[in-house]
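The structure under discussion appears below in the form of structure tokens.
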Amino acid sequence: MNVDLYDFELPEELIAQTPLLDRTASRLLTLNKETGEVAHHHFPHILNVLEPGDTLILNDTRVLPARLFGTKEDTGAKAEVLLLKNVEGDKWEALVKPGKKLRDGAVIVFSDELKAVINEVGEMGARTLTFEYNGIFQEILDRLGEMPLPPYIKETLDDRERYQTVYAKHEGSAAAPTAGLHFTDELLDQIRAKGVNIGFITLHVGLGTFRPMSVDVVEDHVMHEEYYSLSQETADLINRTKERGNKVFAVGTTSCRTLETVGSKFEDGVLQESSGWTSIFIYPGYSFKVIDGMLTNFHLPKSTLVMLVSALAGRENIMHAYAEAIKERYRFFSFGDAMLIY
């Protein structure tokens, strides 16, 4: 398949630059994956689609304040580091700017209490670096780090917590699982009160979030690895949902990728506790093993995420839904509106 099959024209003014004051005020496009029918609502309408006994799976990863600004120790030149994942101890994988001038052995100084030494150049231009510091690393990072907003967001984020879900728990992501940004504690309580189950997985969003596809043929693309964890409690919840004949909805592509990774491990379809690294690439032709529906934001043209939702709902249905969203002036990407595929 040619990557261009997943391209579309998006007016720049539809890229949401700031979050809405009320998380639940976003719009919700519903897409019936069998019929292709599209309808327009506001986010709380999700209550009318979910049925008692269904299960909603959310990603409880928490975003690190992972963008650090410093200077090269030897020249004083400006340097920027974006932490991607903790390798072990004080060693991290990161993206750095300017990449050509930050080679092995370079030292970046962020403050009197924090500096980093670049150890090696990794895949896709990433660097491995080791931090040296005085005090507690996490506290220093909280003080000095900034939220790693995607490059298409030009506005400053006044409130860090608006780039976290209300249920964010396990710190380790380089980007937010943005489909979850629409929920409030109150709405989650209403969902539970309807008899809908809520379960959690963890997937720490990594390097691939910041990298466009660089191939022309879909099948040639190689996904990055991301760490995931699914508890026995969540596995049991999903198993019971399936046994009853109810539906499992993934909140976001990260939850979807985690569930499908685990689902592929157990041929009998009964999930068990699992953790590790996943590089699963879901595109049309894929046979879903766990999820029945998905809540997701609107994604970048020619991205692996557009391919994933096309695998679930069909490419023509997705392209039609996106065309409708553009026509109706939906807000796109991280701080944008949502789509529920059911």
Side-chain angles (χ1 to χ4, degrees), residues 1-17 27 29 31 33 36 38 59 82 84 95 99 123-126 148-154 173-179 181 203 205-226 250 252-258 260-261 278-288 291 294-341:
M1 279 185 296
N2 195 300
V3 172
D4 287 339
L5 287 171
Y6 301 90
D7 196 10
F8 57 90
E9 290 291 329
L10 179 69
E12 190 172 347
E13 66 269 19
L14 296 186
I15 300 173
Q17 292 296 314
R27 297 168 74 186
L29 182 149
L31 171 62
K33 67 179 190 286
V38 167
N59 182 4
L82 175 61
L84 296 172
L95 297 178
E123 62 174 20
M124 298 171 74
L149 296 178
Y152 49 75
I153 293 178
K154 311 300 182 186
S173 267
T178 54
L181 295 178
L203 182 134
V205 188
L207 176 63
T209 297
F210 302 94
R211 294 296 194 197
M213 291 184 74
S214 57
V215 296
D216 296 322
V217 178
V218 172
E219 292 85 349
D220 290 345
H221 180 68
V222 178
M223 290 288 284
H224 57 291
E225 284 193 330
E226 294 168 312
T253 56
T254 59
S255 296
C256 170
R257 293 179 66 242
T258 300
E260 292 301 315
T261 294
T278 180
S279 57
I280 189 171
F281 181 20
I282 297 174
Y283 54 87
Y286 176 83
S287 177
F288 285 86
I291 75 163
M294 187 188 338
L295 177 76
T296 183
N297 280 18
F298 292 93
H299 305 294
L300 278 75
K302 297 200 290 187
S303 65
T304 61
L305 305 182
V306 169
M307 295 168 196
L308 187 156
V309 294
S310 295
L312 182 62
R315 176 187 162 274
E316 288 186 6
N317 287 342
I318 289 295
M319 290 297 116
H320 172 66
Y322 271 54
E324 282 286 304
I326 292 168
K327 176 185 170 186
E328 297 296 327
R329 311 295 290 175
Y330 275 65
R331 290 156 50 92
F332 272 64
F333 305 162
S334 294
F335 288 140
D337 296 314
M339 174 167 66
L340 181 64
I341 302 170

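Computed from heavy atoms alone, side chains included, the values below leave out hydrogens, waters and symmetry copies.
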Is it true that F288 and Y286 have ring centroids separated by less than 6.0 Å?
yes
Is any side-chain heavy atom of [Y] closer than 4.5 Å to one of [X]?
| X | Y | result |
| --- | --- | --- |
| Y6 | V218 | yes |
| P150 | F333 | no |
| L340 | L295 | yes |
| P301 | V306 | no |
| M307 | L5 | no |
| T253 | H299 | yes |
| E328 | L29 | no |
| I318 | I341 | yes |

For residues 3-14, which residue pairs qualify under salt bridge (Lys or Arg N to Asp or Glu O under 4.0 Å), counting only residues two or more places apart or in two chains?
D4-K302, E13-R329
Mind checking the CD-CD1 spacing from E225 to I280? Nearest 0.5 Å is all I need.
12.5 Å
Rounding to 0.5 Å, atoms OG1 (T296) and CG (L312) come to a distance of 10.0 Å
Can you give me the closest heavy-atom contact between [X] and [Y], atom names plus distance?
| X | Y | answer |
| --- | --- | --- |
| I153 | A16 | CG1-O, 4.0 Å |
| C256 | I291 | SG-CD1, 3.6 Å |
| S310 | P284 | CB-CG, 3.9 Å |

Treating [X] as the side-chain partner and [Y] as the backbone partner, does any N or O pair qualify as donor plus acceptor under 3.5 Å?
| X | Y | result |
| --- | --- | --- |
| Q17 | Y152 | yes |
| N59 | S255 | no |
| R257 | L203 | no |
| R331 | F335 | yes |
| S173 | A176 | no |

Please check if the number of heavy atoms outside E316 that lie under 6.0 Å from its CD is greater than 12.
no
Decide yes or no on side chain to side chain contact (heavy atoms under 4.5 Å, CB included) for T254 and E226, but give the supporting numbers first.
CA-CA 10 Å; T254 59; E226 294 168 312; 5.6 Å; no
Fit a plane to each ring of Y322 and F8, take the angle between them on a 0 to 90° scale, and name the class: parallel (under 30°), tilted (30 to 60°) or perpendicular (over 60°).
perpendicular
Trace of the side chain to side chain contact (heavy atoms under 4.5 Å, CB included) decision for V38 with L31:
CA-CA 5 Å; V38 167; L31 171 62; 3.9 Å; yes
Among all residues two or more places apart in sequence or in another chain, which pass the side-chain contact (heavy atoms from CB on, under 4.5 Å) test with T304?
M213, H221, M223, F281
Could you go step by step and tell me if L84 and L95 meet the side chain to side chain contact (heavy atoms under 4.5 Å, CB included) rule?
CA-CA 7 Å; L84 296 172; L95 297 178; 3.7 Å; yes
